[in-house]
Amino acid sequence: MSRYDPRKIEEKWQKVWEDRGLYRTAEGGEKDRKHYVLEMFPYPSGRIHMGHVRNYTIGDAIARFLMMKGYRVLHPMGWDAFGLPAENAAIKQGTHPKRWTLENIETMKRQLRMLGFSYDWNREIATCDPQYYRWNQWIFLKMYERGIAYRKKAEVNWCPHDETVLANEQVIEGRCWRCGTEVVRREVPSWFLKITEYADRLLEDLKKLEGKWPERVLAQQRNWIGRSEGALIRFPCGKRTIEVFTTRPDTLFGTTFMVLAPEHPLTLRLAKEGGKLSEVSSFIEKAKKERQTQRGEPAKKEGIDLGVKAINPATGKEIPVWTANYVLYEYGTGAIMAVPAHDQRDWEFARKYGIEMIPVVFPRKGAWDFTRGAFEEEGILKNSGEFDGLESQVAKRKITEWLEREGYGELKVTYRLRDWNISRQRYWGTPIPIIYCDTCGTVPVPEDDLPVLLPEKVEIAGRGNPLERAEEFVKAVCPRCGGKAKRETDTMDTFFDSSWYFLRYCDPNNERQPFDREKADFWMPVDIYIGGIEHAVLHLLYARFFQKFLRDIGLTSYDEPFERLITQGMVLKKWVSIGSLLDHLGLSEEDDIELLKEKLNSMAEVG
Ligand SMILES: [Zn+2]
Ligand SMILES: [Zn+2]
């Protein structure tokens, strides 16, 4: 028997497959005989590495298996082609980001073809292609129309090395997720997407994914959205009121002081009324200088009494109002009701400054020594008037009802999730389709004028935003009044690009809309999505948000994009999952499954 010569044999057969269009996916057929198998598309960083091969082999094996079973299988591939590395390469090597990216795509595509994966290359997309990113701009305009995209000046995470704004998710332990530089805070006008408006649905619909997505990913998303139910309480303070949000209204009777964040707009005003303006001002300056990463968890809790009193609505007693470095303005209302007996941070602060402590919740069994620390668990109420003897759970509800009756507050749900800042002060991304006119203000680019093309002639020097210096690009005519105007120079976070690419694969050449609804409805949802666990909260949450938004504007019928999610580690370590996955697909022939496992196993050894 002659030796297996991959060069000779594979090249020959790959050409035959190609010529016959073996992996080209035709439209139509029965919905329940379709299968959409998708691997997260790669960033064209240079070459295909074994991590890619492992990921794509899982998808390839599943796709081929299903094709052989007679399913109509959509198995596309494309490129997440915008982003920082292309620009960094431009700075280091003097190549244009576009050239660098397109060359990498060529290399990586050739490598993928050599591997013989069953992709329908006719559906290939690259997010840096104007035919793709014009639909980013179109979606952005739809979001703008509906108030989902909005601009505000915001204190943002700023990477001094990349000179760009980072999303909270891109800050890892106070450092830039890409380059590791320490992140600082800065005020920049930025474009946001109101993902918080979808918080409830994003959370609620996770139930539909139970048993289909890894539990770990579901848990991370739940935690990221961070729903908490509590009470919004208004404390009278002279002729003003101080609003706080608490998840522990059952501890209201134990509130012995209040704390405002240094940045809270009332802090200086109250200090002035309390005759403490100069001391408080210098305290605020000092607190602001503290590194952002330390805020909220400062090494030393420090504060200052504003010299005014608020009224605890439950007891009618006067309580002092402070400002302190351990309360964050970005979190909740930026003010807290401090309950030293039942919150350890308040306990430490009260002890340091000699503020009164009143225990109001006690363990169901045994006793608690309040001189040693706060009792933070739930229990039985005491020292709480008509609510004495109630369990915390019941007391929360009853006290909130009482507050509502008396006009001091109401039930409130809050989320940890924040709106998504999509502005990047960078060149290699989708231009945000907005024009600023001195007369008309902020004017969206009319749909017919899309795409707003990224100019090719720019100077990429490594600092600031090259688009700001691209005069021809910046100069614009106002679409409303025809007067002189200035173009927005921010580009979009690349997570925007990857939030809907799976829909574009359903109809990749559409020039009139992002995709045809019928075509998308045939293929969607993606039946099996394969990728890395590191995307548990970023990409996978944004994609779910976009799917819901696009459904709301009538572009698709489905509100969840990915029916099943496989993370690589899970497949390789738990063969049970692949087995049960195939069961779920109605594929029960043992031999075939064994073959599939074998193929995956051999890949795992290489990887
Ligand atoms: Zn950085
Ligand atoms: Zn105008």
Side-chain angles (χ1 to χ4, degrees), residues 43 45-46 80-93 97 100-101 137 141 144-145 150-151 154-191 291-293 420-429 431-450 452 460-468 471-498 534-535 537-539:
Y43 177 76
S45 53
D80 192 8
F82 272 139
L84 284 179
E87 224 165 315
N88 290 339
I91 294 160
K92 275 193 207 140
Q93 303 158 23
W100 184 86
T101 304
Q137 294 171 338
L141 291 176
Y144 181 73
E145 268 170 37
Y150 67 97
R151 192 175 192 235
E155 194 177 299
V156 293
N157 305 305
W158 179 263
C159 171
H161 175 263
D162 296 323
E163 303 214 327
T164 194
V165 174
L166 299 169
N168 284 337
E169 300 92 307
Q170 295 171 327
V171 179
I172 293 154
E173 287 168 3
R175 288 172 183 278
C176 171
W177 73 309
R178 255 192 216 281
C179 71
T181 304
E182 217 168 288
V183 169
V184 297
R185 304 287 282 177
R186 210 189 213 200
E187 283 235 311
V188 181
S190 301
W191 285 96
R291 275 196 27 245
Q292 188 269 331
T293 45
W420 171 17
N421 183 340
I422 59 156
S423 274
R424 296 293 176 274
Q425 288 66 31
R426 276 272 165 178
Y427 167 68
W428 194 233
I432 292 176
I434 291 287
I435 285 170
Y436 302 105
C437 168
D438 283 344
T439 318
C440 314
T442 304
V443 183
V445 172
E447 272 178 37
D448 290 344
D449 294 351
L450 298 183
V452 175
I460 297 164
R463 297 186 57 79
N465 180 357
L467 284 180
E468 269 173 17
E471 273 176 45
E472 285 306 308
F473 176 79
V474 175
K475 228 174 23 184
V477 174
C478 172
R480 281 206 189 129
C481 71
K484 266 195 209 165
K486 190 179 170 289
R487 204 176 280 288
E488 170 65 66
T489 55
D490 287 357
T491 53
M492 296 180 191
D493 181 359
T494 57
F495 278 106
F496 196 109
D497 315 349
S498 55
E534 69 274 18
H535 293 292
V537 284
L538 295 158
H539 164 58

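Only heavy atoms go into these numbers, but all of them, side chains included; no hydrogens, no water, no symmetry mates. Whatever order the structure lists them in is the order used to number ligands and atoms, beginning at 1.
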From the Zn ion (ligand 1) out to just under 2.8 Å, does an N/O/S atom of H161 turn up? no

So, N157 and R185: side-chain donor and acceptor under 3.5 Å apart, yes or no? yes

If I take the Zn ion (ligand 2) as the centre, what angle separates the SG atom of C440 from the SG atom of C481? Nearest 10 degrees is fine. 110°

Quick check against the 3.5 Å criterion: does Q137 have a side-chain atom that pairs as donor or acceptor with the backbone of L450? no

Before moving on, can you tell me the angle at the Zn ion (ligand 1) between the SG atom of C179 and the SG atom of C159, to the nearest 10 degrees? 110°

Looking at E87 and Y427, would you say the former's side chain and the latter's main chain have a donor-acceptor pair under 3.5 Å? yes

Step through the shown structure and confirm whether more than 12 heavy atoms of other residues, nucleotides or ligands are within 6.0 Å of CG on D438. no

